[in-house]
Every structure is written in C-alpha cells, then in structure tokens.
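Right, one structure below, let's go through it.
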There are 2 protein chains.
Amino acid sequence: MSKQRTVRLECGKPTQVIYVLGTELNIDIYKPSPPGSQTFEVRSSPGVKCSISDQHNVSIVAEHATRWALNKGTLIVVTMDKTSNGLNESKVTVTFYGDKLESPIDKMIIQLTAVSISLDVDADRDGKIETNNPNKGSWSWGPNGHGAVLLVNCDKDRLDTTAPDNSDEAVTIFEDLGDMSPMILRTEGPNSLPSGYKLQLYISASDKEKVRVFRHDLIKMTNVLDRKKLSVVMDYTKGNNKYHFFAEGLIFPDEGINNLVTINLSLLEPLTVGEAPIFTEKVVFRLAPWIMTPNTLAPEEVFVCSVKNNEKFLKEFTAVVEKAKCKLTICSEYVNRNDRWIQDEIELGYTEAPHKYFPVVLDSPRDRGLSKFPYQKLLGPDFGHVTRTSDEVNSLDSFGNLEVSPPVTVKGKKYPMGRIIIGSAFPTTSDGRNMSKVVRDFLYAQKVQSPIELFSDWLAVGHVDEFMTFVPAPDRKGFRLLLVSPDACCKLFMKLQQEGHGEAQMFQGLMRKLVTINEILSNQKLLEDNAYVQQCIDWNRDILKMELGLDEDDIIDIPVLFELHKTYQAAEAFFPDLVNMIVLGKHLGIPKPFGPLINGKCPLESAVRSALEPLGLDCNFIDDFAAYHLLSGEVHCGSNVRRKSFALKWWNMEM
Amino acid sequence: MSKQRTVRLECGKPTQVIYVLGTELNIDIYKPSPPGSQTFEVRSSPGVKCSISDQHNVSIVAEHATRWALNKGTLIVVTMDKTSNGLNESKVTVTFYGDKLESPIDKMIIQLTAVSISLDVDADRDGKIETNNPNKGSWSWGPNGHGAVLLVNCDKDRLDTTAPDNSDEAVTIFEDLGDMSPMILRTEGPNSLPSGYKLQLYISASDKEKVRVFRHDLIKMTNVLDRKKLSVVMDYTKGNNKYHFFAEGLIFPDEGINNLVTINLSLLEPLTVGEAPIFTEKVVFRLAPWIMTPNTLAPEEVFVCSVKNNEKFLKEFTAVVEKAKCKLTICSEYVNRNDRWIQDEIELGYTEAPHKYFPVVLDSPRDRGLSKFPYQKLLGPDFGHVTRTSDEVNSLDSFGNLEVSPPVTVKGKKYPMGRIIIGSAFPTTSDGRNMSKVVRDFLYAQKVQSPIELFSDWLAVGHVDEFMTFVPAPDRKGFRLLLVSPDACCKLFMKLQQEGHGEAQMFQGLMRKLVTINEILSNQKLLEDNAYVQQCIDWNRDILKMELGLDEDDIIDIPVLFELHKTYQAAEAFFPDLVNMIVLGKHLGIPKPFGPLINGKCPLESAVRSALEPLGLDCNFIDDFAAYHLLSGEVHCGSNVRRKSFALKWWNMEM
C-alpha cells in the first residue's frame, strides 16, 4: 500500500489531518486556490517539513516563508518526524497572493496530529522483535535475507486432547505461546484521537487457512483472526500503547499454496459513509517447512518394535544402540499390534523458527498396525505431528521409500540440507506403482530438500532403502553412498570358487536349506535375475551421480543377490540385504547375511568390513533372518531414528 | 536425466553396446579384470575416443596404446562423434597384463554401434525448428532466453462443431496444424538396430491435462499422447529418419498449474525383464498466456449492440468509429437478446507463439443476454475463446471491471505489457463484493501483466471503468490516466456560480427535470456524497500512483458528480460519466454530459476538451443518456474493441 497520501484542502476553514510518521502528505494547492492567485507562501510549525513540488516535480525546500509562483499542479509535500502530544498541535498555513503583493487573498490551514504506528515482528530472525524493521513487509532467503517465520503449531502442549494444538481455536496453556510467532502493535502519540479513528488488523481470504492470530492481554488470550474472522478492529487507546499478538501457523507448505502469510494493519479514518485507511502496513511471514535428517546427523533416539518372535533380534539391536549411546524406545506389542515396520509408518524430521525448534513426525498414509503409534507415543509437548492420507495406498507409500541425502553441491548448486530421495515407477511406465500424489506434493512443497525420484518399482516391496543408504565418512564429501551390487557379489563368489571354496554353504545355522557357492553360480535363472537387477541399480546409480554430484569414489558397492518373484517378476533379496542397515553415528547395525562360511568366517561380512572400517565405521551384524528377512524386510525397515537438526537454519539457505 | 551411462563388461565374451551421440559411457575395468591384472592397454577404432579416469579422477587421453596401471576404481570413458553405418562397426579392446609384461592375461571387447537421436523444437523462438538445440530441455525468459512455446489451441478451425479445437481429440482440418507447436524426432545411424530396441515418447501425469501430441505421417494424423495415453512407443525404422509431431496446448496458465510442459524421449534397450532407457532427453514448452490490450494500442474492430432504443446512439457512435477507420461489428438484437453491455460480457485479448498469433476472447462468467455472442460471433478460425464460470456471480465479475494499463516502469521494474486492473471490495472489508476467484486466479496466472486490485465496490455497479481510463499522449509516459473528480466538478461549478451563471440548467433537451448550478451547490447531501466519493477515488489514486509509478502530471482529473443510492449507499453517476469513454487511437467517444449551458456551450465538455485536445485527442460527445446512462452504464460499458497486439513478444520479457 501507498505510503503517500493525497489530502484535499479548502480555503476558509482549517482542515484537521491525522499524520502517521513515515508517510508523505501530497496536497494540491493549485486546484483549491482562490481565483486570481498568482503566488503563495507556506509557513509551518517546528517539526513539520514542507517541500514544494512544481509541475516538473523538482522539489525546493521552503524556508523563511519564501514566496513561490503558483502553477497548475503545484503540490506541497508535508512530512513530520515526531509524534504529537496533543491533537492539532502542529500547523501548516498556505497564504495566497494575487496582483497586490502585500495583501493576501485567502489562506488554507492544515492542523496536524502526528502519531506513530508500527506492527512489529522478528523480521531479522534473531528470535527478538525489533521496532519498525524496514524489511518486515517482504521476505527473502539467505543470511542477508529478511522476513519473519511462522511455525506450524503441530505439537500438543495440552494433555486433555489427542489432536495437535493447531487443530483447535483456543490457547489454554501458557507453553503453547512459545510455539507461536510473537507480534507487537505499537502506537505513540496523543492520549486519544478524534472519535471514529480505529486500528484494524486483517488478513486476506487466501491466508485464512494458514494462520490464526491471538491477542494476549494481561488477563486473557483472544482469538482475533482466523478463517471465520478476517479482520479485527481495535481502539487507539492511549498515546504509548502496545498490543501483544501471537501468530500460529496452521499448515505446512504444500502444493498450490503460497507459503507466505501477510498480516495487514490499517489506521481507519471515519468518512461520511464508512471509513477508509489513511495508513496501511504489512508484515510477512513464511511458513516453516518440515525438514528431514540424513544419516550423517547425530542420532538422539532410536525406535524399534517388540513383537512375538524378535527377542533375539532386540537383544543384538539394543547392544548397538547402547554402543552409540542413544536413547532406545521400544514400541510395545499393545501399541504396534504386531506391525514391526516402524520405518515404514513414520519419518522423523523437525521444524524450526528463530524462536523455537521441535521434532515433527510425518505420518505415512500406510496406516497398518502401527497407525496409532505416532499419536499415542510421539505427538506431545514440543513433538509435532503431520500426516497425509490417501484412499489408494500401495507399498511405495511406506517411508522405507523416503530417505534424504547428506548435504551436497551439484554443479555449483548447493543443497546444504541434502536432497529427499523417493522411489517411483520407472519414468517411462504409466502403469507402475508410485508414492501417493499428496505425499509427493507435500515433500516437493517443503522446497529446502529438493526431491529426487529413483526407480524402485523393480523391487517387490519397492523401497529405496532396499538398495541404497548413506554412511558418514571422514573424507571427501563427508559421506559414502552404499549401493547394493549383484555384480560385486557374483565376482566375489567366483573368486571364492576359483580359490576352491565352491562347496562352502550359505545359511548355516538357520532353519533353511543350505546353498553352496557352486549351486549359486550354476543357477542360470538366478544369474539372469541378478544381471537385470544390476541394470536397474546402474540406472539409479547414473541418476544419483548426476543429481547428487557424486564421483565413482563416493560410491561403495555392497555385495547382495536378489531373485525375481516367479509371478510378479519383482526382486527380493536372496540373503539378508546388507545395505538395509541402521546408521547411528559411526556404529552400524547391519543385517547378518549368513554367507558361505570359509574357515568359520563369512566373506560377505568381511567384504563389508573391509570397505567400511577404513572409514572409521563400526560394523555390527545383527541376526534379523527369521523375524524380519523372511517377512521381506531387514534392520532398517524395522527401526527408526530421531536425529539432531542441522546447524544451518533453513531460512539462511540461498534459494 | 543423465547423459552419463554406466556399462558393465566381462572378460571373455564381447559386449555389444548401442551408443547415442552426445553421451559418455563409464566403464569400470577394475572390477571385471582377471585376477593378477596389474596393467592394461586400450585400443579403439577410429572415431572412438577413450579416456582413462584413475581413482582421483584425473583423465589422461590414451594414445598409441600406452599401458596404464590398473587401480581400484579405474574407469574408461568412451565417446564417439559420428554415427555408424552398420551394427557393431566400432570396437574398444582392453587388454590386461599381470607380472609378465609381454603376455596378456585376458581382454575385454566392446562392440559399438553409434546412433544419433534428437527430439527437436523451436527452442530459440524464431518460428523454425533447429537441430539439437542445447537449451531445448529448459525454459528461460528474455531476449537471451530459450525454450519453446505451446499455443493453447482455443480457436475453432472446423466449421462442423461449436467447441474450440482443443476440446476434441482429433485434427480433421489442415489449418489446425498451424496452431500447434511442431516437433521433430530425428534418428541417424545404421538401417536397423538389434531386435527389441525402441523409441518412446512420454509425458508425466502432471502434464496430461495441458498437452496433446499428434504424429503426422504422409497419410494421417494420429493422437499419440494425451490424458489417457501418457506414452507411445515407436520403432527405430531406418538410419535417416524423421518423425513429425504437433503439440497442442490445452489450457491457459492458471492457479496451481506449473506452466511448463515437458515431453520426454527415450531409447529403450530390452532387458531380461522389461526394458530400460539407455538414452533420455526432454524438450520443455511454456504455455502461452492470454494477453490484454491497453487503450494505447491501435484499434482494429469495434463492437456494439443494436437494441430497442439505441438508434440515435448507434448513429453518433458509428460516426466516431468511421473517423477512426475501424471495422464496426454491430451485434444484432437476435444475438444480444436486448443485453447491450458488450463491455461486460467479454474482454478481447490475444495469445501468441513464435509461429502463430490470434485474438482470444475471455468470456466472463456474467452470462446474461449476450452469453452466446462469443461462441456464435467470435470463436472461429484464428479467433480463440476461453472462459471461466462460477456459481456465484456478482456485478464485479463483469469486464467493465477489468482493464489494463499501458506499459509502465515502476521503481525500475518494467511492465512492458502494462498491468491488469480490476476492482474489488475495500481491502479491509470481509463482506464486500469481489470478482470471482476463478477469474482473478486466471488473470494472476498469466503473469505477464501482473494485476493491481483497486477499490470499486463503493460504486453501485462497481466497475473500474466508472472512475478511470487511459488515453494515449505524445509525451511523458505515452499516456495519461483520467480519473473522475467530484472535487474538480464542484470547483468548476463554484467558479461558474461566482461568474454569475448559478441559474444555468443541466439536462436541457432531455426528458428529465432540469437542475441549476445553484441547486447543486446548495444540496448538502449531494456535496457530502461527493466528498465521500472523492475520498474513495483519492485512495485509488494513491494506489495507482504507486503501482504504476505515476506522477501527478500523468493524471488528469475529469469533472463528474456522483450520488449515493438511498438504500445501498453506493455511488452512481449524477450525469453521464465522462471517463466511461471509448478510445480509438486519438478519437474518443465520450458520453455527452448534458451540463449547464452557458451561451449555448457546456462547460463540462469544454473542460474535457481543454484537458485532452492539447494531447492531440479528438473529443466526440455521444448522447447515451436514455439508452445507456439511465440504465447505469455509458459508452464504454456498451462497446468493446479488438486491438493490435504488442510489438513486444511476451517471451522476451525479463521476469
């Protein structure tokens, strides 16, 4: 809105004008001048600055009441720089002269009352509200950017409900204020304004689903703006006053939503009919995104399920979590209802504003046995919840199919929070399985971790965590990409065969038929299946190299074999899938592969150790065979990790 | 998609590879090397370039079969620069050596067939398709920008239907091809590829409502891609082949739509199971926007309605159109069904691609008597039609409330096609009238004429054309903004009163009670109404100055009085509203105001003449009193103009 204001005057009677600091009054003095006027003088009270804009818009400051020629279009431009103590405290007088130089024809008087009004937020993102930040009305990214942040109040500070705080219209607990963005309306000036002047706070209809604003006075919180109430009028009560507001974000960024929220403030002047704003300003917030945490961030809490047959697994798993000194939370069977795939039901991320940070669980539309877990065990004070639901859910909607890379730079473009990775149908197919549009739209809309889509539909389960993961590394880009490699596995087995170990047996100690290396290498169907799987992986490898800016040396091939399901021609791991691991700092919990034992040692485990231990990683092989592998999942599918947030603040990204 | 491709080789048997010009084959030679290998040699056919990337990624060109140390991660990178005439015409041999320097241990052979594949469009926007433009896969604005344009095929070349061409799935008339964007798929190489190789053209589901692609061969047009068919497979038929396609835009840019359309092409290689693309590229189009034409563009055709009582008006109106040498189209009563407000039913604009331009009517959701006119009389060959409908239509949905400014520059930001102007409820009101969201969304989504919203709900009818218009001017910014001014009218009448003309009468010669200047100036209610109206206009004036970067000298005040409707408190013109004029180059058709006659002359007409004639404008006052003014409209409301397009092409704008 304009900070310039056209004011019309008449000769004869004084005109009373409320002036807001920071604006300019434009007053045409030619049109209302009395007939015969040729020149004019301007006199003003101390603190009032008048400049004269002739019709060519050259301004000259009027001093000592110099006389000026009156031209068509002559404007005087009035500004003030201090607030008034009383009404009509300052004055501008314009005196018109005709032929007779000494006797004025008529004069115009403006009586001025100056007030200061500012709607303030934390536009410089230091966690504190400043006064009248010149950039509060717009938003830009980066360390030199500006504009306030609106946190989505999706945690649950109240104990008496089951829904997140943004789902109701009340604030009944003090802690909830900390999740909202504070905003202050400051007024300065005389103790009162003439009757009818009001302050109005308002939002546009396009923002009504995104924000709710509460006013906080000493005794209560009042919901002043929301979807049902787009504007609120307040009195200008006294000369040095503050109104305290709290703005609550209601929804995360999403497809088709403008992620900026504008709150407007106007000073209304009464008119003959209705009223009009004589001063307007706005503050702009950006809705904080939901952010994922890659394996390279420090783990804080590990989640796993207790189910009927996984006692042995739990014991070995717990040992790794203890080594990593993480908190371990075991989801009981009462809550998980025998659904062990806690990786698939949820993705743990966070949201952040300069004044507040908390973890947020993204709850998958999968909704099997674990569907109540995120509500019952995660959502709570400073732990948020967001979900997307869909009528058509398939296996690719599980969040084993949702990962995030460590920070990367690709051809000069920085992704300092990494890139989201999801698995999809092959891009040239129109009948494959894909993650639901609502979830993909949500992920793309967060913007700060621009997603990459891989081809995972070649797998029976279809999750990206079946063929890739990231581990931290002390050198290069700070991580390695681990990719399964049937080719590497075949080469390893051929080498062992050539060394005379062809009769070494896989799966020893398990309730399963033993298989020798010779049998594997003479199984033509198995070798063909794996040649196909390798092509699928190579295709993803080329995409990953391009989209993450990786070199060959950033990638480690992990020997795994697959077989294609007879009917569906979709791939399943032939032995426990070594990349489907949990990464807790330098401690890895890896599915025990039960490879062919040679002198009591497993060459698959050795291959993984010799690739990863030089990076300072600690390889722990966990027996997940009966409790997970045979049910088409592994360690990663059966666990989840809440990690530390990025040191980088998302608003400091250059976009 | 990646232009790098990972290829796996084995010792012993030769590997056949189809190579696409412009790609790089990355071949790991360490992993498949025979045990004991220490060094290797690379030999290649003429035209095949092999470089060696050791594990630190330093490439050295291999010449004269120099021998290289074999390291973990050693890749050879193969490129070719000419297509092959036959299959397996070129070869790369990698020979491995161990301890014995003279006798090789084993070797790997790659047999190469090089093909060239390119999907081509007019990415440089000169109206012609180039070959393999390096920028065809992305889109950018500006004279140095790139990326093809997709025209929305919303005209109707066929005579046997009533709907635009983009509404059906067939192309039955040759002229229709000219509205589509041509696209060519070129292949070069041997006469055939091994069995199973195919070319696939495909779009993503998110583009399926935006584009339809036809293939044109000598004998027929085939619809190959559309909402029901996201991909099509074609044979690689012979070595020097072209497929001709035509892409048809289906919808204009709109809210929540990504305005880019991507068409992908892949070369598919048969796998054991299914097939995989070994080469992929894409071309990107932008949907052409709908563009409005300001009053400063030359008029080509004028539209007006013939209704029961407007014969006299038509005669005077026709005279102005003839002066301006425009085509005049009179919409008959049979078509208009006594609805004379042809400004309100439609807005005439255009759309454009490098290969084609045509006018497009935006059909308002208003739909009164004239609702069939755009379909019956405008839509046709090279005249497009687009509409938006809404269940809740109010008077602000009429297109008298939709105008566009001439080109402006605002604080350094250029709007070389001007800015759209629409009228709305007051921004602080939540219960006022507004233009339908579907229409406003459409207007914002065109992007090239970024809209401004004014306050027009203070008027009973509520259209911006009731208080403003633009006329061409030879100086300054090339135009003036005309704004109604009750203040200017009161001042003019006071001057006349002071000069002794207080008893001069308005409305002479009309079937209406005469009113004197004295009566007007003593009517306190009327003066108060007009003080309020002036405040509404001043508010808009400040917005217009800011949003169009105008100075006071760019604005001309036009004397008009209003009165507030007794019940609704909404303003209606007290005498014919002088700004509601038709602008045809320098010829203006202005509502005759029937002001107080002084010596037989109307001082209102004189005021307008003396303001506009110095700009070279020809003022023609048309009597619209009975046929339009008394029904709450004037000349502009009752007419419409199709204008020349901008010389500037929209894709050359800097955005």
Side-chain angles (χ1 to χ4, degrees), chain A residues 1-8 26 28 31-32 35 53 55-57 73 75 200 202 204-205 229-231 255-256 264 266 268 271-274 276-277 280 426-430 437 458 487-488 491 495 498 528-529 531-532 534-536 538-539 541-543 545-546 551-553 557 564 569, chain B residues 1-8 26 28 31-32 35 53 55-57 73 75 200 202 204-205 229-231 255-256 264 266 268 271-277 280 426-430 458 487-488 491 495 498 528-529 531-532 534-536 538-539 541-543 545-546 551-553 557 564 569:
Chain A
M1 302 276 168
S2 176
K3 296 277 176 180
Q4 293 198 357
R5 182 176 157 214
T6 297
V7 170
R8 284 181 195 270
N26 289 345
D28 183 329
K31 287 185 203 133
S53 144
Q55 61 185 341
H56 303 293
N57 286 306
L75 297 183
Q200 185 172 33
Y202 56 102
S204 73
K229 204 156 43 181
L230 301 186
S231 72
E255 166 80 4
N264 307 283
S266 289
L268 301 182
L271 302 186
T272 331
V273 177
T280 293
F426 200 65
T428 61
T429 321
S430 52
K437 185 170 185 302
W458 58 275
D487 189 64
K491 291 217 162 56
K495 181 167 157 282
Q498 283 161 8
E528 275 174 17
D529 285 0
Y532 162 71
Q534 187 65 57
Q535 283 176 307
C536 295
D538 285 347
W539 195 86
R541 180 192 199 96
D542 289 344
I543 303 286
K545 282 171 74 175
M546 183 175 69
D551 301 318
E552 280 293 321
D553 288 357
D557 288 321
L564 295 190
Q569 295 285 302
Chain B
M1 302 275 170
S2 178
K3 295 276 174 181
Q4 293 197 358
R5 183 178 158 213
T6 297
V7 170
R8 283 180 198 270
N26 289 344
D28 184 328
K31 285 184 203 135
S53 144
Q55 60 184 340
H56 302 295
N57 286 305
L75 295 183
Q200 185 172 35
Y202 54 103
S204 73
K229 204 156 44 181
L230 300 187
S231 72
E255 166 79 6
N264 306 282
S266 289
L268 301 182
L271 303 185
T272 332
V273 178
E275 47 210 1
T280 294
F426 200 66
T428 60
T429 321
S430 51
W458 57 275
D487 189 64
K491 291 218 163 54
K495 180 167 158 284
Q498 283 160 7
E528 275 175 16
D529 285 359
Y532 162 71
Q534 188 65 55
Q535 283 175 307
C536 295
D538 286 346
W539 195 87
R541 180 192 199 98
D542 290 344
I543 302 286
K545 283 171 73 176
M546 181 175 69
D551 302 317
E552 280 293 319
D553 288 357
D557 288 320
L564 295 190
Q569 294 286 305

For A/R541 and B/T6, work out which heavy atoms get closest and say how close.
CD-OG1, 3.8 Å
At a 4.5 Å cut-off on heavy atoms, which part of B/P35 comes close to chain A: side chain, backbone, both, or neither?
side chain
Distance-only, no hydrogens or angles: does the A/D538 side chain make a donor-acceptor pair with backbone N or O of B/V7 under 3.5 Å?
no
Sort A/D529 into side chain, backbone, both or neither according to what part of it lies under 4.5 angstrom from a heavy atom of chain B.
neither
B/Q535 portion near chain A, given a 4.5 angstrom heavy-atom threshold:
side chain
Distance (rounded to the nearest 0.5 Å) between A/L271 CG and B/W539 CH2:
12.0 Å
What part of B/Q498 gets within 4.5 angstrom of chain A, counting heavy atoms only: side chain, backbone, both, or neither?
side chain
Which answer fits A/K495, side chain, backbone, both or neither, if we ask what part of it has an atom under 4.5 Å from a heavy atom of chain B?
neither
List the atom of A/E552, the atom of B/L75, and the distance in Å for their closest heavy-atom pair.
CG-CD1, 3.4 Å
Quick check on A/E528 against chain B: is it the side chain, the backbone, both or neither that has a heavy atom closer than 4.5 Å?
both
If every non-hydrogen atom of B/P32 is compared with every non-hydrogen atom of A/K491, which pair is closest and at what distance?
CA-CE, 3.3 Å
Contacting moiety of A/K31, where chain B heavy atoms sit under 4.5 Å
both
Chain B interface, residue from A/Q200, A/R8, A/K437 that has the most non-hydrogen pairs under 4.5 Å
A/R8
Who wins among B/K229, B/E255, B/Q534 for the most heavy-atom pairs under 4.5 Å with chain A?
B/Q534
Is it the backbone or the side chain of B/K545 that comes under 4.5 Å from a heavy atom of chain A, or both, or neither?
side chain
Region of A/D557 in contact with chain B, defined by heavy-atom distances below 4.5 Å:
side chain
